[in-house]
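Below you'll find the structure, written out as structure tokens, and then a few comments.
Note: hydrogens, waters and symmetry copies are ignored here, and every other heavy atom, side chains too, is used.
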Amino acid sequence: MKTTITFADIAHREHTAKVIPLGISMVAAYAYKHFKDKIDIEIFKTVDTFTQFVDKKIPKVACFANYIWNTNLAYQTASRIKKKEPGTVTIFGGPNYSLHDPEEQKDFLISRPNIDFYIVGEGEEPFVALLNELFKYNFDVNKIKEQKLKIAGCHYMYNGEFITSPLPQPIAILDDIPSPYLLGLLDKHLAAGDLKPLMETTRGCPFSCTFCQEGDSYYNKVRRFSYDRVKSEILYLAKNSKSKVLSLADSNFGMYKQDIEICKVIE
């Protein structure tokens, strides 16, 4: 029997960011690449559909995207799952967590004891590494924590001790991450038509703006998805999405010459 893993980028009902949950879906796609014969993936955007799913089936692993606008909602939802099934592993990741301040990181986790693990920085490789350990220890969180295992980009609390490890290196070749669109992981969201497709053509930013997450030196190296990958995604979305709007998550789209060719595909 496959292990059910949920990936939830949930928001309050009236939140205006009606876009496909791309970030957490990329983590899901990378996990699928490594464990496709062992896991069932479910991806959620609305809290209503997620709670309806959980009322019927509790996942073995519940992953949550953590942003400033949904941190309380995500944590309360995770706590509800923990109350119903304490053995479910809860994993958070996202920018609403300090990259470098250990005191802030520790305080965040101490105040949210129902979070088993927090993944810092780019989540794809740390999540796969953590999932490897979870399979190895039969999803027994206590056994993992008592070993005080160091997994790059993974933080957790154990008996009042804050266990950390260095940030993972950003993925150098972005095409190593399968497209969640081309895998069909987001088809139900595209068919519903209530969410705008969201894409990345690059990751990283050469600038150091203090108001932006990617202004941190960790994100300063710009990496690109291949033109063929981006083109395939755009054509897939044109065929399968009911939305007439495409959003791009790049920090600086239009700054590079290559972006002109992408615009021609969109046109």
Side-chain angles (χ1 to χ4, degrees), residues 7 9 16-34 36 41 43 45 65 67 93-95 99 121-128 167-267:
F7 294 84
D9 176 2
T16 56
K18 305 292 186 182
V19 295
I20 293 287
L22 178 66
I24 203 165
S25 300
M26 300 284 270
V27 177
Y30 200 67
Y32 180 82
K33 174 182 176 179
H34 289 83
K36 62 182 178 181
I41 290 172
I43 299 173
K45 181 64 178 179
Y67 299 97
L99 276 177
E122 290 193 0
E124 288 87 2
E125 289 188 338
F127 180 73
V128 164
L167 279 169
Q169 288 297 312
I171 293 177
I173 302 174
L174 292 184
D175 280 5
D176 285 347
I177 308 169
S179 166
Y181 291 117
L182 302 180
L183 287 178
L185 296 179
L186 293 165
D187 282 355
K188 65 180 180 181
H189 298 289
L190 297 176
D194 55 340
L195 298 175
K196 297 188 289 287
L198 182 64
M199 283 183 57
E200 282 183 315
T201 71
T202 64
R203 281 188 183 180
C205 177
F207 304 114
S208 301
C209 304
T210 57
F211 60 82
C212 178
Q213 172 186 297
E214 292 200 348
D216 189 272
S217 59
Y218 176 73
Y219 296 104
N220 273 167
K221 185 175 181 179
V222 179
R223 295 146 291 145
R224 301 188 66 87
F225 289 96
S226 68
Y227 171 79
D228 288 342
R229 155 73 173 263
V230 173
K231 179 179 179 180
S232 295
E233 284 193 331
I234 293 171
L235 296 178
Y236 188 90
L237 292 173
K239 181 179 179 180
N240 293 283
S241 174
K242 289 186 177 180
S243 173
K244 300 299 182 183
V245 176
L246 173 64
S247 297
L248 295 175
D250 300 20
S251 294
N252 299 290
F253 186 81
M255 190 172 77
Y256 304 100
K257 290 182 178 180
Q258 300 95 315
D259 297 338
I260 295 174
E261 299 306 313
I262 296 171
C263 288
K264 291 178 181 178
V265 178
I266 296 173
E267 184 183 23

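The backbone N or O of P168 lies less than 3.5 Å from a partner atom in the side chain of Y218, making a donor-acceptor pair. Within the 3.5 Å criterion, the main-chain N or O of D176 finds a donor-acceptor partner in the side chain of K33. In this structure a side-chain-to-backbone donor-acceptor pair under 3.5 Å is missing from H189 to K45. Side-chain atoms of D9 do not come within 3.5 Å of backbone N or O of A65 as any donor-acceptor pair. No side-chain donor-acceptor contact under 3.5 Å links N220 to the backbone of G204.
Side-chain atoms of F207 and N252, non-hydrogen and from C-beta on, do get closer than 4.5 Å to each other. In this structure, the side chains of P197 and Y181 come closer than 4.5 Å at one or more pairs of heavy atoms.
Residues R224 and D259 are paired through a salt bridge, judged by an N-O separation under 4.0 Å between the basic side chain and the carboxylate. The pair E122-R223 meets the salt-bridge criterion, since a charged nitrogen lies less than 4.0 angstrom from a carboxylate oxygen.
In this structure, CG on L22 lies 12.0 Å from CG on L195, to the nearest 0.5 angstrom. Between D216 atom CG and T210 atom OG1 the span is 11.5 Å, to the nearest 0.5 Å. Going from atom CD of E200 over to atom CG of D250 covers 7.0 Å, rounded to the nearest 0.5 Å.
Between F7 and Y32, the distance separating the two ring centers is not shorter than 6.0 angstrom.
Under a cut-off of 6.0 angstrom, the local environment of CD in E261 is crowded, with over 12 non-hydrogen atoms contributed by other residues, nucleotides or ligands.
Judged by distance alone, the side chains of Y219 and Q213 do bring a donor and an acceptor atom under 3.5 Å apart.
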Side chain to side chain contact (heavy atoms under 4.5 Å, CB included) for K36 and L183? Distances and angles first, verdict last. CA-CA 11 Å; K36 62 182 178 181; L183 287 178; over 6 Å; no
